[in-house]
Undergrad: 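One structure coming up, written as structure tokens, with questions to follow.
FYI, side chains are in, hydrogens and waters are out, and symmetry mates aren't considered; it's all heavy atoms of this structure. Keep in mind that what you see is a predicted model, and the values were worked out from it rather than measured.
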Amino acid sequence: QVQLVESGGGLVQAGGSLRLSCATSGRTISMYALGWFRQAPGKEREFVAAISWRGDSSNYADSVKGRFTISRDNAKNTVYLQMNGLKPEDTGVYYCAADLWGTSDITQPKVDFWGQGTQVTVSS
């Protein structure tokens with residue numbers, strides 16, 4: 001069992017930055033691909049970014065490429081999402097996800113564990 005707890009969300013103006021963190025506990029996270037998904041009001045949850053269990057590959061949604069960076073620190077059992085150049089359309093609840101022995105190509109059916117989410121609101 002893996003527990004995922006997100007933090008770092010908040011309200012920011014367009015063009016600003018936030019860094020989300022996802023602290024994990026339970027089984028060692030080094031065996032898991034880790035990713036971020038988000039859900040905007042009235043929309044389905046969508047993929048944002050992911051990093052493989054080896055940490056040697058990462059993947060991003062086209063809408064965030066060049067603005068967001070995912071990273072992991074296995075020693076701290078934490079995965080991060082650095083978000084720069086935020087836009088109002090980035091608003092939503094951001095969820096951390098874990099996929100055992102996964103690659104950076106995480107899809108929702110592959111996710112083994114989910115966090116509870118953290119709200120990100122970008123004002124125009």
Undergrad: Would a 4.5 Å heavy-atom cut-off, applied to side chains only, mark V12 and T121 as touching?
TA: no
Undergrad: Any side-chain to backbone donor/acceptor pair from K110 onto D105? Under 3.5 Å, distance only.
TA: yes
Undergrad: Backbone N or O of D73 within a donor-acceptor pair of the T78 side chain at under 3.5 Å?
TA: no
Undergrad: Say you draw a straight line from CD of Q3 to OG of S25; how long is it, rounded to the nearest 0.5 Å?
TA: 4.0 Å
Undergrad: Around atom CD of Q116, are there more than 12 heavy atoms of other residues, nucleotides or ligands at under 6.0 Å?
TA: no
Undergrad: In the single-linkage hydrophobic clustering (I, L, V, M, F, W, Y; side-chain heavy atoms under 4.5 Å), do V93 and L11 co-cluster?
TA: no
Undergrad: Classify the side-chain pair Q13/S123 by whether it contains a donor and acceptor separated by less than 3.5 Å.
TA: no
Undergrad: According to a 4.5 Å side-chain heavy-atom criterion applied to Ile, Leu, Val, Met, Phe, Trp and Tyr, with indirect links allowed, do I29 and F113 form part of one hydrophobic cluster?
TA: yes
Undergrad: In the structure I gave you, are the side-chain heavy atoms of W53 and L34 within less than 4.5 Å of one another anywhere?
TA: no
Undergrad: So, N74 versus S30: side-chain donor-acceptor pair below 3.5 Å or not?
TA: no
Undergrad: How long is the span from the CD atom in E6 to the CG atom in L81, to the nearest 0.5 Å?
TA: 11.0 Å
Undergrad: Contact between F47 and W36 at the side-chain level, heavy atoms closer than 4.5 Å - yes or no?
TA: no
Undergrad: Taking side chain as C-beta onward, heavy atoms only, is L86 less than 4.5 Å from F68?
TA: yes
Undergrad: Is the Lys NZ or Arg CZ of R19 less than 6.0 Å from the centre of Y80's six-membered ring, within 45° of the axis?
TA: yes
Undergrad: So that I can tick it off, tell me whether D62 and K65 are bridged by a salt bridge, with the cut-off set at under 4.0 angstrom between side-chain N and carboxylate O.
TA: yes
Undergrad: Identify whether NZ of Lys or CZ of Arg in R54 sits under 6.0 Å from the centre of the six-membered ring of W101 and within 45° of that ring's axis.
TA: no
Undergrad: Starting from Y60, can I reach I106 by hopping between I/L/V/M/F/W/Y residues whose side chains sit under 4.5 Å apart?
TA: no
Undergrad: Hey, are the side chains of V120 and L20 touching, using non-hydrogen atoms and a 4.5 Å cut-off?
TA: yes
Undergrad: Which atom names give the shortest non-hydrogen contact between S63 and R38, and what distance separates them?
TA: OG-NH2, 3.4 Å
Undergrad: Are any of the side-chain heavy atoms of S104 and I51 separated by less than 4.5 Å?
TA: no
Undergrad: Do Y32 and V48 share a hydrophobic cluster (ILVMFWY, side-chain heavy atoms under 4.5 Å, transitive)?
TA: yes
Undergrad: Is the closest side-chain heavy-atom distance between K87 and V64 below 4.5 Å?
TA: no
Undergrad: Please test D90 against R67 for side-chain contact (heavy atoms from CB on, under 4.5 Å), starting from the C-alpha separation and ending with a verdict.
TA: CA-CA 11 Å; D90 294 318; R67 300 188 296 122; 2.8 Å; yes
Undergrad: Say whether, by atom type as modelled, one donor and one acceptor occur between the side chain of Q119 and the main chain of T91 under 3.5 angstrom.
TA: no
Undergrad: Can you find a heavy atom in the side chain of S71 that is under 4.5 Å from one in the side chain of Q82?
TA: no
Undergrad: Mind checking the OG1-CZ spacing from T24 to R72? Nearest 0.5 Å is all I need.
TA: 8.5 Å
Undergrad: Centre-to-centre under 6.0 Å for F37 and Y95, is that the case here?
TA: no
Undergrad: To the nearest 0.5 angstrom, please state how far the CD1 atom of I70 sits from the OG atom of S58.
TA: 7.5 Å
Undergrad: Among L4, T118, V5, find the residue that satisfies the side-chain contact (heavy atoms from CB on, under 4.5 Å) test when tested with C22.
TA: L4
Undergrad: Any sub-3.5 Å donor-acceptor pair from N59's side-chain atoms to A50's backbone N or O?
TA: no
Undergrad: Do V111 and Y94 share a hydrophobic cluster (ILVMFWY, side-chain heavy atoms under 4.5 Å, transitive)?
TA: no
Undergrad: What is the minimum heavy-atom distance between G85 and S17, and which atoms define it?
TA: N-OG, 4.4 Å
